[in-house]
Each structure stands twice: as structure tokens, then as C-alpha cells.
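One structure below.
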Protein chains: 2
Amino acid sequence: MTRQKPKEAALTEEDICQRVRDSVLEQRLAPGTKLTEESLCGVFGVGRTTVRRAFLLLSRDNIVELQKNKGAVIASPSPDEAQQVFEARHTVEAALLARASEAADTNDIQNLRGHLAQEKDALAKADIARWIRLTGEFHLHVAKLAGNTPMYHFLEQLVFRSSLIITLYGRHGQPVQSCTGDEHTRLVDTLERRDIVAAQEILTHHLNDIEATLRFERAAGGDDLHQIFGMARAS
Amino acid sequence: MTRQKPKEAALTEEDICQRVRDSVLEQRLAPGTKLTEESLCGVFGVGRTTVRRAFLLLSRDNIVELQKNKGAVIASPSPDEAQQVFEARHTVEAALLARASEAADTNDIQNLRGHLAQEKDALAKADIARWIRLTGEFHLHVAKLAGNTPMYHFLEQLVFRSSLIITLYGRHGQPVQSCTGDEHTRLVDTLERRDIVAAQEILTHHLNDIEATLRFERAAGGDDLHQIFGMARAS
DNA sequence: AGATACTAAATTGTTGACAATTCATCGTCA
DNA sequence: TGACGATGAATTGTCAACAATTTAGTATCT
């Protein structure tokens, strides 16, 4: 798509973080993926310094895990961490939602409906990667209306981690997020009516739905390839 | 105090962040203070690389502001940001408090009472810097009991920023935080009784008290030394 | 005096070489 | 075959020199 031309302005570490985050949100970067400095230097056409800074920032947001002398790996949240992330989302997102429903004007609602249309379009075209990203971004769009920057950034982190969690523990047969019932549309409706209680109820239900699709049984650390492929162990 | 010996194990960027954060919490580092790389290299006995990484992490937490080619400055939250920080504290800390009151066992309560004793001791000895730090850390101790790491770290950020805000906008005549009425003690009491509602009420009141001592009238950006010192401008 | 332009010092940003560590491959031996 | 160990390649960590930018100081002119 957007090909990298050699003589463009150099990408900053924020740009690289953004790219990585987007890839996580689209579930094109799976937990456990090793990110070497050299490969990212090549891909983005930047020096090692920049990549290194990006790694440091991403590790701060728990998107990559940074081990001394071992490099960067896309984080693999444990079941325990997953539970905590969703608990945090419940509280923070509920508060943001309350604020958003107070603050949202006609224009904001219209933008949200535009976003919903994009979601439907992506789903219709079976562009699953884009749809996954859009459903994640929907929550952030709503949150931004609340006008609380610290909480917004915090939720951002949580949404990215949620994406990792869903990739890890979501059942792949299911709709990747349970958003198919179009809870998003109903949420926008309640926002338009400024019905805070209903909005928070939908949100709680929505998040619980997502959590309900998770299955934590699989071995937490180190995939067992024999089990995954259903192969008996060579004795 | 703790003098730096030349042949000790090198400090990591996290150590430096911690030192800076502590200084902010003790209000020994005022907003607007310029931090040069060289000076911190000298103070901590580390290379420029490490200091640089620390700056990047601190800027991520909004403790320092990092301007291209201009270096690092202790952040000066605007009145608007201050309001958002306290709003975020209200929601996050209330949720953590609810969790903490469910989870706290006898041992936890005892540790908190120990902390209260330290606070009183520092106040009695007029060790204001230590007292300020302890009152800030109290909130974090309580929050840690909730067992939600993401929210805990988020609150940590908010507490540090609160310290900057109080330094900037707090009236210096007043008790630096309004914690003199010993709302902390009452909070521990309610935790022991697992009285979530009362605990949250005290918290809300406590945070409102702190906010109430803030005065945002002063010129937001760039101290006007003429005004501060009450000097007429030389015409 | 005040404003402007220029020079020098100080500070930050970047790059590349080198050191340290880890990882992979291969060989040896029981 | 499997375990152990050593060698070499690959990757990460560190440092110092160099480049770019900002800041401070000085001189000059109106």
C-alpha cells in the first residue's frame, strides 16, 4: 500500500509505535512475536536509535516485553492480567461514557454514526482486519468525547492490551468480538438520548460479552506444538 | 545523605526515574526546572544513554516535558490538565478503594496504621518533605491492596502529577495538603469496617479538599519575576 | 539606551564502532 | 540416540566522537 520512499522525512519513534499498535489492533502481530531491531530498522528505514526508543515506549505501555540482552517480544498477557485489564476497562470506560453522554453534541453523534457505517462496510466486505481495528477504535472515539486526556490515554493502553488478550484467548470460531449484535449502534442511540444509565448498562454487557468469549485453559507459557497440531509425541 | 560511590553497580533508567519521581513527590523538584543531561549524568554517575532513556520514560508519564533540541523540563500542568487529573483520580481511586476494602485483611490494615504513624512522626518532627511524600504514598498503599496493576500504575502517574499541581497552584500558607484533619486515619477505619460507601465518601471529600486549596489565577505560563517579587518594571 | 547581527559556547541529536551477551550449529563422547 | 560442551554467528548494549541546534555573549549601528 503506502510504499516507503527512500528520501522521505524520517519516521519518528511515535510513528513506529503507532504502526506497531495498529498491527496489534488488527491482530496482525500476535503475542510472542519477536521484534528484532534490525528488521524494524529495515522495514521503517530508520536507525537503531529510533527503533530502540520505540521499544522502550511500547514496553511502557505493556505492548512489548523487553528483556535485557534478549530484545523485544509482543506481550502475552496472562489470564490474571487479562482479568485486571477488563476490570480496569469497566471502571474507566464507564466513567468516560458518563462524561461523553453529557458532552456529546449533534456533530459528535453524527461522527460516531459515520464510524458505525465504516464498521458495517468492513464487515460486509469481509475485511476482517479492518473491522477488528474499527471496533476497537469505536470505544476510543466515544471515550475521546469525554475530554479527559489522562483517562483517554489509559483506555488506549487497555484497548491495545485487550486486542492482545483476544488474540491469545479468544475462540477463533466465534465472531472475533461479540460486537455482531451491534451493541455499538445501540450505544450511540443511548448517547444521543443522553441516557447515561442505559449506556453504562450496554457497556457493561458488551464488555462482559467479550470476556465471556475468552478461554484461558490453554497452557499459559510456551505453546505446545504437539498439542496444537494434534500430533503424538515421538517416543 | 546517600552518597554515590564510584564503583557501585550502575543505576538503571528505572532507578533514575524513581529518584526524579520521589523528588517530585517531595516537592524538591519544582515544575519548570530544567534538567540537563550532563548534570544528571554527574549526579547519578551514569552515561548519557541512560539519562536519555529516563527522560523518555518520564515524559511518557507527563512528569517531564521533552522538547526537541531543547531538553527536559519538569512539567507544569495547566489548570485544565489539573482538573482532568483530579477527575481521573476520583474515578480510578474510588474503584480501587472499593476493591481494597473487599480485599484488605488484618495484616494490610496494620501496615496502613504503621504508615499513618510514620506520617504523624514526620509531621511531629516537622520533616515536611518526608511528610508530603508519605501522604502521597498513602494513597498508593491503599490502592495497591486492590490488586489491579494497570489501575495502580495509572494512579501512580496521577499522584505524581497531583504533586506537581499542588506545588504549582497550592497556597503555600495552607497545610500543603489538607490532610491535617487526619482523613487518612478515618479512611483506614472505614476500610477495616469494610464500609465501602463511607470510604468512598471520605475519599471524595478528601480529594475535593485538596482541589479546594488550589488557586489557578496566577499567570499560567512563564513566571513573571517582576510580579512575583513585586518589583516595578524599569522603564 | 535599545535593537539587530554575528560569533562562540553549551546542549542536544545521531551515527558508527566496539563490547557483551545470547543463540545456533556442530562435534565429541557415553 | 541423547547429553554435554565448544566455536562462531547474530543480536543487543554501551560508549565516544561528530553533527545540528539552541543559547549566551559581544559588538555594532541608529
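Numbered from 1 within each chain, the chains take letters A, B, ... in sequence-line order.
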Q67(A) CD to dA20(C) P, in whole Å, measures 22 Å

Between D105(A) and N107(A), is there a donor-acceptor pair closer than 3.5 Å when you use the side chain of the first and the backbone of the second?
yes

To the nearest angstrom, the CZ-P distance between R53(B) and dC15(D) comes to 9 Å

K70(B) atom NZ is separated from dT11(C) atom C1', nearest whole Å, by 12 Å

To the nearest angstrom, the CG-C1' distance between L35(A) and dT12(D) comes to 14 Å

Ranking dT22(C), dT14(D), dG13(C) by distance to the side chain of N69(A), first place goes to dT22(C)

Winner on side-chain proximity to E38(B), out of dT22(D), dT12(C), dT11(C), is dT11(C)

When rounded to whole Å, the CD to C1' distance for the pair E37(A) and dT11(D) reads 8 Å

Across all chains, not counting sequence neighbours, the ring-ring contact (aromatic ring centres under 6.0 Å, His included) partners of F160(A) are none

Report yes if at least one side-chain N or O of K68(B) is closer than 4.0 Å to OP1 or OP2 of dT14(C); otherwise report no.
-> yes

Note: L214(B) and I166(B) closest approach over all heavy atoms is CD2-CA, 4.2 Å

Side-chain contact check for K34(B): nearest option of dT14(D), dT11(C), dT22(D) is dT11(C)

Among the nucleotides dG13(D), dA17(D), dT15(C), whichever has the atom closest to the side chain of R48(B) is dA17(D)

For H153(A), the ring-ring contact (aromatic ring centres under 6.0 Å, His included) test, sequence neighbours excluded, returns none

Base, sugar-phosphate or nothing for T49(A)? Non-hydrogen atoms, less than 4.0 Å. base

Closest to the side chain of R52(A), out of dG13(D), dT22(D), dT14(C), is dG13(D)

